[in-house]
Amino acid sequence: MKKRLALLLSLLAAAGCTAQNNASVKFAGMCLPPDDPTTCTFSATCSGQFIGQSTVDVGVTNKFWAVIQVDNQMPNNENLSNFRTNTNDAYVQEFEVEYSGAPLPITTGPVLGSGVVPAAGSTVISVLPVPEIVGTVLQGSVGLGGAIDIVAKMRLRGVYGDTTKFETGVFEFPLRVCNGCVGSFQTGCALPDIAFICPPNDGQLPVSAQCTTP
């Protein structure tokens with residue numbers, strides 16, 4: 001099956017096509033931020049997955065930042081006996097998002113940080129299911145105290161080590177978009193002053209935050 005998939009990808013690349021599938025490179029899930037926001041770091045896989053409804057308060061921020069695990073199910077095809085190097089590492093280069101639930105523009109953007117997913121391995125990357133251009137539109141359409149539910153439908157695109165292009169299947173982010181339902185974690189701090197926040201975007205959930213002075 002893996003050989004047939006690799007052959008299909010090669011044929012599509014030769015024809016100038018991008019292969020869209022849910023098998024080779026796929027979303028594994030959204031990561032929970034660490035309980036301790038002073039260590040906003042992630043391993044190659046999520047230590048915990050977020051399974052609740054994500055929320056972004058457009059009264060505080062115009063973007064939603066997600067940390068996700070991506071798996072590469074293509075095998076490592078290195079063969080030292082004939083000097084063949086591995087060409088199945090995946091390099092995630094950009095994302096594309098379309099939306100349901102509100103008239104919003106389809107957007108594309110770069111993956112934040114390293115997007116290298118090793119063959120037969122995993123990587124945690126960060127993306128913006130709601131980038132600033134979309135968040136600004138939402139800020140103008142969700143009044144104070146209001147809320148709407150949307151679904152951000154994201155695909156990832158990139159290339160393998162042999163330059164074959166890939167496009168993932170769709171990963172959906174159900175989002176509650178509100179104005180005032182989350183508020184700023186800054187207002188809960190004594191100074192007010194947030195010392196640490198992970199991911200670094202006040203006004204969204206999931207997030208973990210810590211004040212300079214408790």
Side-chain angles (χ1 to χ4, degrees), residues 1-2 5-6 9 18-56 61 63-78 86-100 107-131 134 150-161 164-176 196-201 203-209:
M1 179 63 184
K2 291 180 178 178
L5 177 59
L9 291 172
T18 298
Q20 179 183 332
N21 62 79
N22 292 302
S24 53
V25 178
K26 70 182 186 72
F27 291 90
M30 183 188 298
C31 299
L32 276 171
D35 292 334
D36 181 1
T38 65
T39 59
C40 192
T41 58
F42 296 83
S43 302
T45 58
C46 297
S47 58
Q49 289 193 9
F50 181 70
I51 59 173
Q53 184 181 43
S54 301
T55 306
V56 55
T61 181
K63 62 180 179 290
F64 176 79
W65 197 327
V67 180
I68 59 173
Q69 178 182 324
V70 181
D71 295 343
N72 181 358
Q73 300 188 104
M74 293 291 281
N76 186 315
N77 60 359
E78 177 184 74
N86 171 48
T87 59
N88 279 345
D89 289 348
Y91 299 83
V92 185
Q93 298 172 323
E94 69 172 9
F95 65 84
E96 178 185 271
V97 190
E98 59 180 313
Y99 306 89
S100 62
T107 62
T108 60
V111 171
L112 305 175
S114 175
V116 182
V117 191
S122 303
T123 293
V124 168
I125 65 174
S126 59
V127 290
L128 293 175
V130 178
V134 173
I150 66 171
V151 177
K153 303 176 181 181
M154 178 177 287
R155 293 182 175 89
L156 298 177
R157 297 193 183 102
V159 297
Y160 292 104
T164 301
K165 296 180 180 180
F166 68 83
E167 179 177 291
T168 68
V170 172
F171 185 79
E172 296 189 351
F173 294 87
L175 286 166
R176 170 64 54 91
F196 301 97
I197 189 167
C198 182
N201 187 40
Q204 75 163 57
L205 293 172
V207 75
S208 60

Rounded to the nearest 0.5 Å, how far apart are [atom1] of [X] and [atom2] of [Y]?
X	Y	atom1	atom2	answer
Ile68	Cys31	CD1	SG	8.0 Å
Thr87	Met74	OG1	CE	8.0 Å
Glu167	Glu94	CD	CD	9.0 Å
Lys26	Gln73	NZ	CD	5.0 Å
Met154	Leu128	CE	CG	7.5 Å
Gln53	Arg176	CD	CZ	5.0 Å

Stepwise side-chain contact (heavy atoms from CB on, under 4.5 Å) check, Ile125 with Leu156: CA-CA 11 Å; Ile125 65 174; Leu156 298 177; 4.0 Å; yes

Intermediate values then yes/no, side-chain contact (heavy atoms from CB on, under 4.5 Å), Val25 and Tyr160: CA-CA 10 Å; Val25 178; Tyr160 292 104; 3.6 Å; yes

Side chain proximity check, [X] to [Y], heavy atoms < 4.5 angstrom:
X	Y	result
Ser54	Phe173	no
Val207	Asn201	no
Trp65	Leu112	yes

Might you point out which heavy atoms bring [X] and [Y] nearest each other, and give the distance in Å?
X	Y	answer
Pro199	Gln204	CG-NE2, 3.5 Å
Ser122	Thr45	CB-CG2, 3.7 Å
Cys46	Val124	N-CG2, 4.0 Å
Pro34	Thr39	CG-O, 3.2 Å
Thr107	Pro131	OG1-CG, 3.6 Å
Pro206	Phe64	CD-CZ, 4.2 Å

Side-chain ion pair, Glu98 and Lys153, N-O less than 4.0 Å: no

side-chain contact (heavy atoms from CB on, under 4.5 Å) evaluation trace for Val92 with Phe166: CA-CA 9 Å; Val92 185; Phe166 68 83; 4.1 Å; yes

Worked verdict on Asp36 versus Phe196 for side-chain contact (heavy atoms from CB on, under 4.5 Å): CA-CA 9 Å; Asp36 181 1; Phe196 301 97; over 6 Å; no

Is there a donor-acceptor pair under 3.5 Å between the side chain of [X] and the backbone N or O of [Y]?
X	Y	value
Asn88	Pro75	yes
Asn86	Asn77	yes
Thr123	Val116	yes
Gln69	Ala28	no

Polar contact flag, side-chain donor to acceptor under 3.5 angstrom, Asp35-Ser208: no

